[in-house]
Amino acid sequence: MSNCAPKDLTTEGRPRSKAARLRAIVLVVVHLLIAVHIAHWMSAERTLSPLEPSEAMEFTKRGVINAGLVFFALLTLSTLFLGRFFCGWGCHVVALQDLCRWMLLKVGIQPRPLRSRALAVVPFLAFGYMFLLPLWTRPSTPQTSVELTTAEFWATFPPWWGALITFFVCGFVVVYLLGAKGFCTYGCPYGALFGAVDKLSPGRIRVTDACEGCGLCTANCSSNVDVKREVATFGMVVDSGCMKCLDCVSLCPKEALYFGFGKPALAKRAVARGKRLSWGREVLLSLSCLAIFVTVRGLYGVVPFLLALGLGCAGAFLAAALFDLVRSRP
């Protein structure tokens, strides 16, 4: 008789992942290092330029090689070999979304993912807007310079209250409306690149013959990946949305899942989950997202790019919900 009962349960009756606890510790350490970086700038008045992928924009705009560009390049290279490990174990926005999901689950709210093909294009458009468009719009080819340190650490960041609003929208609002990892799926421009590179990576979640198909892996995947069907079909997880959080590995009662190296998933298509939206709904989501983004982007000179993306995606969902409400009225 098959025994697929989880080894350990939380007080709410859900399986307890050892990997999740370790990942939470790692993400706390990441934030402590960020705090140390900021503290060093405040005390020394000059420090390493921000280790943010967005800082790589300065290269396409002004030909500046900064620490953010080097960091972004190293992350992309690591993704090429390990897959999206950084997204799951080092990204502060993923940490925010996981925290929001955990808090929602604590009060009995299960975030349900939106399955939109149209909104999934948004991160790629955002990546092109941030990193490729400046190559054509800049007046001339700038001379390359190296600026690994800076005295203007906060120059490219929003004010503290703008950051708090961004965290609230891209965290609680987007997770509540679009599901766990909702911003990663429908808003993150860096995730667009990492997801594409992940397809080339030999490092993936793989399966052994011990798997009995209990589905516990899929039920507890916070990245909304159908782990059970993918490992049954391909012998590995091919969905580039997988952030290698290792919850599925930790929770597998037969210890049939593992992270290992082998053939990449370049030519394999992820298994779709849930019912697809109609094209009419997809058009409504797309137009609403675009209209909201264009309206609020840079509004009063204070709405940052990522906040505009979060508002666009969340507003698109609300617009579609309002349309359904109006249509359902007698």
Side-chain angles (χ1 to χ4, degrees), residues 2-10 12-27 78-79 81-91 94-95 97-102 104-105 110-113 115 175 178-185 191 194-195 197-199 201-265 268-274:
S2 173
N3 179 20
C4 280
K7 303 173 184 177
D8 191 13
L9 298 176
T10 65
E12 294 83 17
R14 294 189 301 273
R16 190 189 305 276
S17 168
K18 293 181 179 179
R21 286 179 284 185
L22 177 59
R23 193 161 60 92
I25 293 173
V26 172
L27 289 169
S78 73
T79 304
F81 291 98
L82 300 175
R84 297 182 66 175
F85 248 107
F86 171 78
C87 292
W89 291 78
C91 178
V94 166
Q97 291 176 98
D98 283 350
L99 175 63
C100 295
R101 174 177 178 268
W102 177 79
L104 289 172
L105 289 174
Q110 174 70 56
R112 303 181 68 176
R115 307 292 182 184
V175 169
L178 306 181
K181 304 296 195 300
F183 186 77
C184 301
T185 306
F194 294 149
V197 174
D198 180 88
K199 285 290 187 181
S201 171
R204 318 203 74 79
I205 303 299
R206 301 179 185 274
V207 69
T208 69
D209 293 337
C211 176
E212 296 184 351
C214 66
L216 192 62
C217 49
T218 296
N220 290 279
C221 179
S222 62
S223 297
N224 307 311
V225 176
D226 196 335
V227 181
K228 173 187 171 181
R229 290 178 61 192
E230 294 212 345
V231 297
T233 305
F234 307 110
M236 60 181 173
V237 173
V238 304
D239 194 326
S240 59
C242 172
M243 299 184 187
K244 314 300 183 289
C245 67
L246 303 184
D247 281 345
C248 59
V249 175
S250 175
L251 291 170
C252 180
K254 308 303 292 184
E255 298 183 350
L257 296 174
Y258 68 99
F259 176 81
F261 296 90
K263 293 182 179 180
K268 295 178 174 60
R269 188 174 181 178
V271 173
R273 292 187 66 186

Item to complete: Output all residues satisfying side-chain contact (heavy atoms from CB on, under 4.5 Å) with L104, sequence neighbours left out; order by chain, then residue number.
Response: I109, P111, V175, Y176

Discussion item. Quick check for you: to the nearest 0.5 Å, what is the distance between L105 atom CG and S222 atom OG?
Written reply: 10.0 Å

Worksheet item: Quick one: does T218's side chain have a donor or acceptor within less than 3.5 Å of a partner on K228's backbone?
Response: yes

Worksheet item: Which residue pairs pass the ring pair (Phe, Tyr, Trp, His ring centres under 6.0 Å) test when at least one of the two sits in residues 235-259, sequence neighbours left out?
Response: F85-F259, F259-F261

Worksheet item: Can any side-chain N or O of R206 pair as donor or acceptor with the backbone N or O of G260 at less than 3.5 Å?
Response: yes

Discussion item. Quick check: do L257 and C217 have side-chain heavy atoms less than 4.5 Å from each other?
Written reply: yes

Fill in: Side-chain heavy atoms of C87 within contact of C184, under 4.5 Å
no

Donor-acceptor list for residues 230-245 side chains, cut-off 3.5 Å, not counting sequence neighbours:
{"from": "E230", "atom 1": "OE1", "to": "V238", "atom 2": "N", "distance (Å)": "2.7"}
{"from": "E230", "atom 1": "OE1", "to": "D239", "atom 2": "N", "distance (Å)": "3.0"}
{"from": "E230", "atom 1": "OE2", "to": "V271", "atom 2": "N", "distance (Å)": "2.9"}
{"from": "T233", "atom 1": "OG1", "to": "R229", "atom 2": "O", "distance (Å)": "2.7"}
{"from": "D239", "atom 1": "OD1", "to": "G241", "atom 2": "N", "distance (Å)": "2.8"}
{"from": "K244", "atom 1": "NZ", "to": "D198", "atom 2": "OD1", "distance (Å)": "3.0"}
{"from": "K244", "atom 1": "NZ", "to": "C242", "atom 2": "O", "distance (Å)": "3.2"}

Practice prompt. Would you give the length of the straight line joining atom CG of L27 to atom CG of L99, rounded to the nearest 0.5 angstrom?
Written response: 10.5 Å

Item to complete: Look at the side chain of K254 and the backbone N and O of C211, then say whether any donor-acceptor pair between them is shorter than 3.5 Å.
Response: no

Discussion item. Main chain of V225, side chain of S223: is a donor-acceptor contact present, judged purely on distance under 3.5 Å?
Written reply: no

Item to complete: Could you check if a side-chain atom of L178 sits within less than 4.5 angstrom of a side-chain atom of F183, using non-hydrogen atoms only?
Response: no

Worksheet, complete the sentence: dist N220:CG -> C248:SG (nearest 0.5 Å) comes out at 9.5 Å

Discussion item. If we ignore hydrogens and angles and just use 3.5 Å, is the side chain of K199 paired with the main-chain N or O of K268 as donor and acceptor?
Written reply: yes

Worksheet item: Rounded to the nearest 0.5 Å, what separation is found between the CZ atom of R204 and the NZ atom of K263?
Response: 13.5 Å

Item to complete: May I ask you to test the V94-R23 pair for a side-chain heavy-atom distance under 4.5 Å?
Response: yes

Worksheet item: Can any side-chain N or O of S250 pair as donor or acceptor with the backbone N or O of L246 at less than 3.5 Å?
Response: no

